[in-house]
Amino acid sequence: MIDFKEKTIAEIVSSDISAASIFKKHQIDFCCGGNKTIATACEEANIDVSLIINDLANSKKNSAIPQLNFNKWNKDFLIDYIVNVHHTYIRQNIDIVNEFGQKVASVHGEHAPETIKISALFSKLTEDLKTHLEKEEKIVFPAIKAKLADSNYLFDTEVIHLLEDEHDNAGTIVKEIQKLSNNFTPPEWACSTYKAFYFKLDEFINDLFQHIHLENNILFSKFRNN
Ligand SMILES: [Fe+2]
Ligand SMILES: [Fe+2]
């Protein structure tokens, strides 16, 4: 059996992306705080490490679908994948999730004031993301591709740190949303829009975690090692 305890969270998710949902379920940050071992992260978050290790072991047993091995991908292709899959997902979903949030906040905000905060936090997150994606697509990703094609190309690695800081800021907002929404659990009396809002928020944040994981732990770290 794999000794999960000694591995970092980023290593585990990099070798098997399905582990991402297990870390998310236990509210362990795998994209921005991925450089810790499971034991350390659990100790800090006051979570029983054996619960997570059991879930990981069970998910290995049950997974019959071949996993994508992002680690082995050519970095040019990884960049194209991130843009085509994750950036496109964000752009296609920002408006609808914001619309649900505003509707729920205006109809239910009086009885469930957290929905007003969640809607405002999500709107802030998506405004930040719009400029972040532009920065990656127009400046940083082309520079990484140029560096990959020509090792003499001058590339200022400071921009990588800037993007990682922006990922951290997004992670802070996401944690707040997770807490306020009780990990995306609507109340029993919730209407369909309320349920749809939490469902889409959960989906959006799952996608965002995987996206940031690919950038922080695979694309940028490999690039830094070059
Ligand atoms: Fe991105
Ligand atoms: Fe990013």
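Counting convention: from 1, in listed order, for ligands and their atoms alike.
With sequence neighbours excluded, no residue forms a salt bridge (Lys or Arg N to Asp or Glu O under 4.0 Å) with Glu114. Remark: His132 engages His167 in a ring pair (Phe, Tyr, Trp, His ring centres under 6.0 Å) (not counting sequence neighbours).
The shortest side-chain heavy-atom distance between Ile118 and Phe197 falls under the 4.5 Å cut-off. Taking the side chain as every heavy atom from C-beta outward, Thr8 and Ile12 never approach each other to under 4.5 Å.
Distances from the Fe ion (ligand 1) under 2.8 Å pick out these protein N/O/S atoms: His87 NE2, Glu136 OE1, His211 NE2, Glu215 OE2.
A donor-acceptor pair under 3.5 Å is absent between the side-chain atoms of Lys36 and the main chain of Thr40, judged by distance alone.
Annotation: ring pair (Phe, Tyr, Trp, His ring centres under 6.0 Å) contacts involving residues 110-129, sequence neighbours excluded, comprise Phe122-Phe204.
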